[in-house]
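Let me begin by presenting the structure, written as structure tokens, before commenting on it.
When a residue number appears, it is its place in the shown sequence, counting from 1.
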Amino acid sequence: MSNEAVVHAHGAVAAHEVHGDHHHEHHHHETFISKYVFSQDHKMIAKQFLITGMVWAVLGGLMSVLFRLQLGYPDATFPWLEDILGKWAKGGRITPEAYYALVTTHGTVLVFFVLTAGLSGTFANFLIPLQIGARDMASPFMNMLSYWFFFAASIVMLSSMFVETGPFSGGWTAYPPLSALGDASPGSKTGMDLWLISMALFVVSSLLGGLNYIATVLNMRTKGMSMTRLPLTIWALFFTAVLGVLSFPVLFSGFILLIFDRNFGTSFYLSDIFINGVGALPNEGGSAILYQHLFWFLGHPEVYIILLPAMGMVSEILSINSRKPIFGYIAMIGSIFAITVLAFLVWAHHMFVTGLNPFLGSIFVLLTLLIAVPSAIKVFNWLTTLWRGNIRFTPAMMFAIGFVSLFISGGLTGIWLGNSALDIHLHDTYFVIAHFHIVMGVASMFGMFAGIYHWFPKMYARYLNNTMGYIHFWVTIAGAYLIFWPMHYQGLAGMPRRYYDYSIWESFKQFAELNRFISTVAMIVFAVQLLFLFNFFYSIFKGRKVTKQNPWDATTLEWTAPIHPGHGNWEGEIPEVHRWAYDYGKDGKDFIPQTTPVGADESHH
């Protein structure tokens with residue numbers, strides 16, 4: 001048995017090391033299929049998640065451009081739309097059915113396929129083994145399965161958009177009775193069944209991945225890598241996996257019951273339903289509110305399943321590029337833990353207008369406002385890390401700082417919505433859209449971009465183009481605020497979300513020019529994402545080559561691996577860890593890697 005069997009902390013199983021070494025010796029003989037398609041290398045699986053997520057990001061972004069076209073120019077006709085969308089854009093105008101299908105699918109794929117699978121799937125897979133000092137995931141085969149379940153979910157979701165009756169068009173939250181009755185609308189027929197199958201496959205993918213991430217972090221850390229020496233990225237990805245494993249099964253059960261109501265005559269969500277005045281359906285005893293409880297019990301943890309990985313990566317990128325230790329490391333871990341616990345206790349703030357008992361509502365108000373405390377701790381610690389730092393404004397750093405800006409401004413509006421009395425006025429208005437797009441959607445995308453720009457050299461051994469990166473950042477952050485900040489004012493004026501045409505409302509005609517402005521900016525921001533895509537794929541093949549093993553002068557373990565790491569990550573023994581992940585500017589040294597033994601006369605952090 002090799003010496004590496006003793007490298008893992010706490011006597012990790014020797015069999016893993018033997019398997020890792022065996023695979024490491026023979027990875028040169030892999031075929032194209034085993035290396036690039038059905039790969040069990042965590043780094044390749046991460047790239048598969050990333051590129052699939054990017055495809056969905058383009059499709060989801062394109063959908064938003066199309067429905068913003070309708071909102072900005074409700075009376076205009078665009079003949080080219082009919083060429084692209086066929087019967088869904090008769091006469092060059094998107095039909096109401098197609099509009100609602102676009103809004104529904106946009107929300108679904110951005111929340112689940114891009115910001116959950118694309119973000120967690122990419123960076124948990126890529127970073128966990130590299131940063132904790134492991135050859136691969138606890139179960140590489142299960143890891144491969146998690147990607148292919150996601151891929152299957154993607155295929156089914158894509159196919160749902162091309163069925164004759166049209167895609168599902170009942171909103172990304174899929175509330176019954178609209179989603180539970182095939183006769184409710186054309187968008188509730190076959191497209192809805194395919195939507196449910198796709199989401200069920202997606203949940204299986206998330207659970208397979210999450211269990212793997214948890215097992216890997218707990219069991220496969222290298223020698224010396226105690227939990228309190230883990231980078232904050234790993235802590236964030238670990239708690240993200242915990243959130244997913246505990247909350248996704250609840251959503252899964254909600255979807256299964258919905259499939260039963262749709263196809264097998266049950267009444268979990270249906271009672272006293274009338275369709276087109278024909279008479280009451282036989283369904284009795286169900287409750288549509290039950291679905292909302294099941295959905296939002298995942299739905300609110302989902303916000304943090306999306307945000308926490310971005311928070312972890314931003315913490316690390318801020319520290320590396322400020323050349324300072326992260327401020328309040330233990331407080332940051334505590335705040336991630338507090339967010340994880342509180343995320344399960346606030347779901348009913350999405351349901352203040354459902355007839356919720358006011359006393360119960362006040363409890364959810366309190367818990368919702370409490371979650372601002374750990375969030376504020378993180379913000380103060382990020383700002384203190386930046387304070388008087390020797391800052392390097394790399395594209396990754398710009399996006400990390402942009403994340404902090406968006407998280408603050410978007411988070412503050414959440415305090416308004418967390419107040420049950422105010423929420424009665426603001427619920428289902430553009431204020432809600434503005435809030436969650438800034439704090440969850442755009443902020444998490446910024447975290448994702450920061451991660452891509454920062455770890456791209458480790459992924460592909462090349463650099464992204466910095467000039468294109470800076471253009472990408474400035475247009476995107478300016479555009480994000482110009483699109484979503486004005487929506488707060490529309491929401492305060494009572495403008496409801498999900499409406500097809502506001503020009504027929506006397507109250508909202510005043511926003512016609514603003515809607516046009518928002519739509520125009522949305523198109524510009526979408527265009528600059530295409531610039532990022534070009535930068536990404538061009539740089540994989542033609543970017544400046546990485547010649548330095550540790551290009552950012554970082555302390556964490558992934559930068560001790562070769563520039564082109566094989567399947568197994570390190571040649572020879574896995575490095576041993578002697579210190580925490582944030583020794584920057586210490587004892588006259590710019591940075592001290594985690595693998596450097598602690599000197600006898602060294603100061604304590």
Side-chain angles (χ1 to χ4, degrees), residues 36 43-44 46-62 65 114 118-119 122-123 126-127 130 233 310 313-314 316-323 390-406 442-481 521-554 556 558-559 561-565:
Y36 293 106
K43 299 182 292 299
M44 184 56 65
K47 293 173 190 175
Q48 290 174 324
F49 269 107
L50 177 60
I51 290 170
T52 310
M54 285 165 72
V55 170
W56 274 117
V58 172
L59 290 174
L62 189 59
V65 167
V114 178
L119 186 53
T122 299
F123 291 103
F126 191 76
L127 294 176
L130 281 168
T233 307
M313 291 190 294
V314 162
E316 187 148 334
I317 291 164
L318 290 176
S319 180
I320 290 169
N321 290 293
S322 297
R323 312 311 294 161
N390 185 17
I391 297 174
R392 302 183 305 200
F393 290 104
T394 64
M397 184 62 159
M398 301 294 278
F399 276 102
I401 295 170
F403 171 89
V404 177
S405 165
L406 289 156
V442 184
S444 298
M445 287 301 291
F446 269 58
M448 191 173 185
F449 287 136
I452 292 169
Y453 280 101
H454 186 73
W455 280 288
F456 190 88
K458 180 51 64 182
M459 285 183 176
Y460 294 103
R462 291 179 186 266
Y463 294 100
L464 285 160
N465 180 283
N466 277 0
T467 304
M468 284 194 266
Y470 292 128
I471 295 168
H472 179 213
F473 168 76
W474 285 112
V475 176
T476 306
I477 193 161
Y481 276 120
V521 177
M523 292 170 209
I524 294 168
V525 170
F526 179 72
V528 89
Q529 307 317 308
L530 299 180
L531 176 72
F532 164 73
L533 278 184
F534 171 78
N535 189 5
F536 182 88
F537 288 106
Y538 178 83
S539 298
I540 289 174
F541 304 104
K542 300 285 187 182
R544 186 163 51 93
K545 288 184 178 178
V546 174
T547 55
K548 188 180 176 186
Q549 193 173 4
N550 186 358
W552 309 126
D553 292 334
T556 42
E558 75 269 32
W559 305 108
I563 292 172
H564 291 278

Measure the spacing between [atom1] of [X] and [atom2] of [Y] and express it to the nearest 0.5 Å.
X: Ser322; Y: Met397; atom1: OG; atom2: CE; value: 3.5 Å
X: Asn465; Y: Tyr470; atom1: CG; atom2: OH; value: 10.5 Å
X: Asn550; Y: Thr556; atom1: CG; atom2: OG1; value: 7.5 Å
X: Phe123; Y: Leu50; atom1: CZ; atom2: CG; value: 6.5 Å
X: Trp559; Y: Lys458; atom1: CH2; atom2: NZ; value: 6.0 Å

Evaluate whether atom NZ of Lys542 has more than 12 neighbouring non-hydrogen atoms of other residues, nucleotides or ligands under 6.0 angstrom away.
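Open: at most 12 neighbouring heavy atoms sit under 6.0 Å from NZ of Lys542.
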
With a cut-off of 6.0 Å (strictly less than), are more than 12 heavy atoms of other residues, nucleotides or ligands near OH of Tyr538?
no

Hey, what's the ring geometry for Phe446 with Phe473, parallel, tilted or perpendicular (30° and 60° as the breaks)?
perpendicular

Under a 4.5 Å cut-off applied to non-hydrogen side-chain atoms, are [X] and [Y] in contact?
X: His454; Y: Thr394; value: no
X: Thr476; Y: Val528; value: yes
X: Tyr481; Y: Val521; value: no
X: Val114; Y: Met54; value: no
X: Tyr453; Y: Asn535; value: yes
X: Trp474; Y: Ile477; value: yes
X: Lys545; Y: Tyr460; value: no

Closest heavy-atom contact between [X] and [Y]?
X: Ser444; Y: Leu119; answer: O-CD2, 4.2 Å
X: Leu62; Y: Phe526; answer: N-CE1, 3.5 Å
X: Ala400; Y: Ile317; answer: CB-CG2, 3.9 Å

Can Gln549 and Val546 be said to form a side-chain contact (heavy atoms from CB on, under 4.5 Å), step by step?
CA-CA 8 Å; Gln549 193 173 4; Val546 174; over 6 Å; no

With distance as the sole test, does [X] use its side chain to make a donor-acceptor pair with the main-chain N or O of [Y] at under 3.5 Å?
X: Asn466; Y: Gly469; value: no
X: Arg323; Y: Arg392; value: no
X: Lys47; Y: Met459; value: yes

Could you go through the side-chain contact (heavy atoms from CB on, under 4.5 Å) check for Leu318 and Ile401 one step at a time?
CA-CA 8 Å; Leu318 290 176; Ile401 295 170; 4.0 Å; yes

Can a side-chain donor-acceptor contact be found between Gln529 and His472 if the only test is distance below 3.5 angstrom?
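Yes - a donor-acceptor pair under 3.5 Å links their side chains.
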
Does Met398 form a side-chain contact (heavy atoms from CB on, under 4.5 Å) with Phe393? I'd like the steps, not just the answer.
CA-CA 6 Å; Met398 301 294 278; Phe393 290 104; 3.6 Å; yes

Apply the test side-chain contact (heavy atoms from CB on, under 4.5 Å) to residues Met448 and Ile452: give CA-CA distance (whole Å), side-chain angles for both, the deciding distance (0.1 Å), then the verdict.
CA-CA 6 Å; Met448 191 173 185; Ile452 292 169; 4.2 Å; yes

Ring pair (Phe, Tyr, Trp, His ring centres under 6.0 Å) partner of Phe456, the single match among Phe126, Phe536, Tyr463, Phe449:
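Looking at Phe126, Phe536, Tyr463, Phe449, the match for Phe456 under the ring pair (Phe, Tyr, Trp, His ring centres under 6.0 Å) is Phe536.
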
